[in-house]
Amino acid sequence: MATATQMANKKKIFITGANGLLGQKLVSQLVEKGDFQIFASGKGECRLPGEGFKYVSLEITNASEVEKTLAEIKPDIIIHGAAMTHVDQCELNQEACYDSNVNATAYLVKAAEAAKAHFIFVSTDFIFSGEEGPLDENAEAAPVNYYGETKLEAEQSVIASKTKWAIVRTVLVFGIAHDLSRSNIVLWVKSSLEAGKEIQVVDDQFRTPTLAEDLATGCILIAEYEAEGIFNISGPDFLTPYEMANITADYFGLNKNLIKRADSTTFTQPAKRPLKTGFVIKKAREQLGFEPKSFRTAIGILAKQIILARS
Ligand SMILES: NC(=O)C1=CN([C@@H]2O[C@H](COP(=O)(O)OP(=O)(O)OC[C@H]3O[C@@H](n4cnc5c(N)ncnc54)[C@H](OP(=O)(O)O)[C@@H]3O)[C@@H](O)[C@H]2O)C=CC1
Ligand SMILES: Cc1cn([C@H]2C[C@H](O)[C@@H](COP(=O)(O)OP(=O)(O)O[C@H]3O[C@@H](C)C(=O)[C@@H](O)[C@H]3O)O2)c(=O)[nH]c1=O
């Protein structure tokens with residue numbers, strides 16, 4: 001255990017969205033590493049297991065609360081992952097989405113400038129049109145849903161900031177964590193098939209699905225390297241949800257006959273999804289040594305965590 005003096009000499013890292021899927025993985029990896037004083041912030045009560053961090057309840061849409069909290073802590077690094085991430089809810093409740101995804105990011109950027117903090121913003125493939133993929137960091141953004149519009153506008157406020165910044169773009173994050181506000185594709189496929197439920201899964205959308213642990217590792221590499229600019233941090237495999245569902249069913253020995261092939265004309269959601277995204281991760285591999293797990297290996301990691309969580 002670090003002494004008070006040792007702890008006081010460590011850089012302070014402030015995580016938003018700490019109760020969420022990425023947030024929980026970030027905090028657990030940072031605690032494991034022991035290199036930072038960790039401030040984990042979330043909406044309301046702490047839902048994070050374990051210790052080794054200070055939890056800060058913070059409603060990031062409250063400008064004065066953000067300013068006051070960050071002025072007190074004066075972090076050296078902020079990893080901003082908090083967002084309204086339910087894409088269909090964002091389409092249907094655009095005011096709340098704008099507040100959480102755009103206004104809150106602007107408040108945090110301002111606080112980062114005051115603290116002279118390295119601001120690391122987590123963004124998405126949904127800023128792109130889906131006309132083509134996989135995409136590198138220079139691709140032109142053209143969102144096709146409101147969530148994507150808000151994340152692009154948030155990126156622009158980060159890029160215009162006067163503090164050191166990095167943008168981490170990722171894709172279709174999956175994993176298991178405590179008390180999550182939403183599910184993700186692997187858990188949804190697994191639980192549907194285990195319940196004997198037939199599912200319609202699209203085969204004309206393309207993604208590079210990302211294990212939440214790998215996304216957290218990528219964000220931490222950027223913090224450690226004090227890297228600046230835009231980085232694609234995603235899984236290495238370019239797959240359709242239909243392929244992901246079949247790989248998941250194969251791994252867990254579930255009934256693949258329940259997986260019915262669909263496409264975006266037959267399977268529609270309130271918010272349009274970009275058809276072809278997915279990321280080229282060459283820059284992160286070369287500059288950060290980022291090396292994500294294959295989708296199959298990632299599912300194996302998830303399976304072990306599920307067994308551990310049950311024991
Ligand atoms: N999941 C994915 O497939 C992808 C995610 N991303 C991006 O990665 C980041 C992390 O995503 P992920 O971990 O999956 O998302 P989660 O929804 O699991 O976590 C987001 C967290 O942000 C918190 N939050 C939302 N609004 C506020 C607010 N107003 N004040 C305080 N906290 C708030 C949520 O709180 P609560 O839990 O209480 O609701 C939640 O814990 C997001 O920025 C997302 O846009 C990018 C590409 C893909
Ligand atoms: C629920 C469902 C999804 N799908 C497909 C559509 C989509 O391509 C994929 C995932 O669908 P979901 O609606 O669960 O996830 P979705 O909202 O598309 O996930 C997005 O989340 C936000 C936060 C992001 O930033 C994006 O990168 C992306 O990961 O699975 C089906 O084919 N059938 C279904 O019944």
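Ligands are counted one by one from 1 in listed order, and the atoms in each one are counted from 1 as well.
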**Report entry** Distance-only N or O hit between ligand 1 and D125, under 3.5 Å
**Finding:** no
Query raised in the report: With distance as the sole criterion, is a donor-acceptor pair present between the side chains of D250 and T248 under 3.5 Å?
Result: no
Report task. May I ask whether Y242 places a heavy atom under 4.0 Å from ligand 2? Result -> no
Query raised in the report: Any N/O of V171 closer than 3.5 Å to an N/O of ligand 2?
Result: no
Report task. Hey, could you give me the NZ/CG distance between K283 and N138, rounded to the nearest 0.5 Å? Result -> 7.5 Å
Requested in this report: Have a look at ligand 1 and work out which part of L215, if any, has a heavy atom under 4.0 Å from it: side chain, backbone, both or neither.
Outcome: neither
Report summary line: Among non-hydrogen protein atoms, atom 35 (O) of ligand 2 lies closest to W188 CZ2, 3.1 Å
Requested in this report: Would you please classify the geometry between the F126 ring and the Y147 ring as parallel, tilted or perpendicular, with 30° and 60° separating the classes?
Outcome: perpendicular
Query raised in the report: Do the side-chain N and O atoms of N232 and S234 include a donor-acceptor pair separated by under 3.5 angstrom?
Result: no
Query raised in the report: Evaluating non-hydrogen atoms only, which member of F128, Y147, F126 is closest to atom 25 (O) of ligand 2?
Result: Y147
Query - Any N or O of Q269 closer than 3.5 Å to N or O of ligand 2 - result: yes
Query raised in the report: Does ligand 1 have any atom sitting under 4.0 Å from a heavy atom of R169?
Result: no
Query raised in the report: Of the listed options (R261, M244, Q205, R273), which comes nearest to atom 7 (C) of ligand 2 when hydrogens are ignored and any heavy atom counts?
Result: Q205
Query - Sequence neighbours excluded, every pair satisfying side chain to side chain donor-acceptor pair (under 3.5 Å) that has a member inside residues 90-99 - result: Y98-E153, D99-N103
Query raised in the report: Applying a strict 4.0 Å limit to heavy atoms, is I199 in contact with ligand 2?
Result: no
Requested in this report: Answer with side chain, backbone, both or neither: which part of R182 has a heavy atom less than 4.0 angstrom from an atom of ligand 1?
Outcome: side chain
Requested in this report: Using non-hydrogen atoms of the residue, decide whether H86 is closer than 4.0 angstrom to ligand 2.
Outcome: no
Query raised in the report: Does CD in E65 sit with more than 12 non-hydrogen atoms of other residues, nucleotides or ligands closer than 6.0 Å?
Result: yes
Query - Shortest heavy-atom approach to atom 23 (C) of ligand 2 - which of D263, T85, I259, N145 - result: T85
Query - ligand 1 N/O within reach of L21 N/O, cut-off under 3.5 Å - result: yes
Query raised in the report: Would you say S100 touches ligand 1, if touching means a heavy atom closer than 4.0 Å?
Result: yes
Query - From T240 atom OG1 to D204 atom CG, the distance as rounded to the nearest 0.5 Å - result: 8.5 Å
Query raised in the report: Any protein heavy atom lying closer than 4.0 Å to atom 21 (O) of ligand 2?
Result: yes
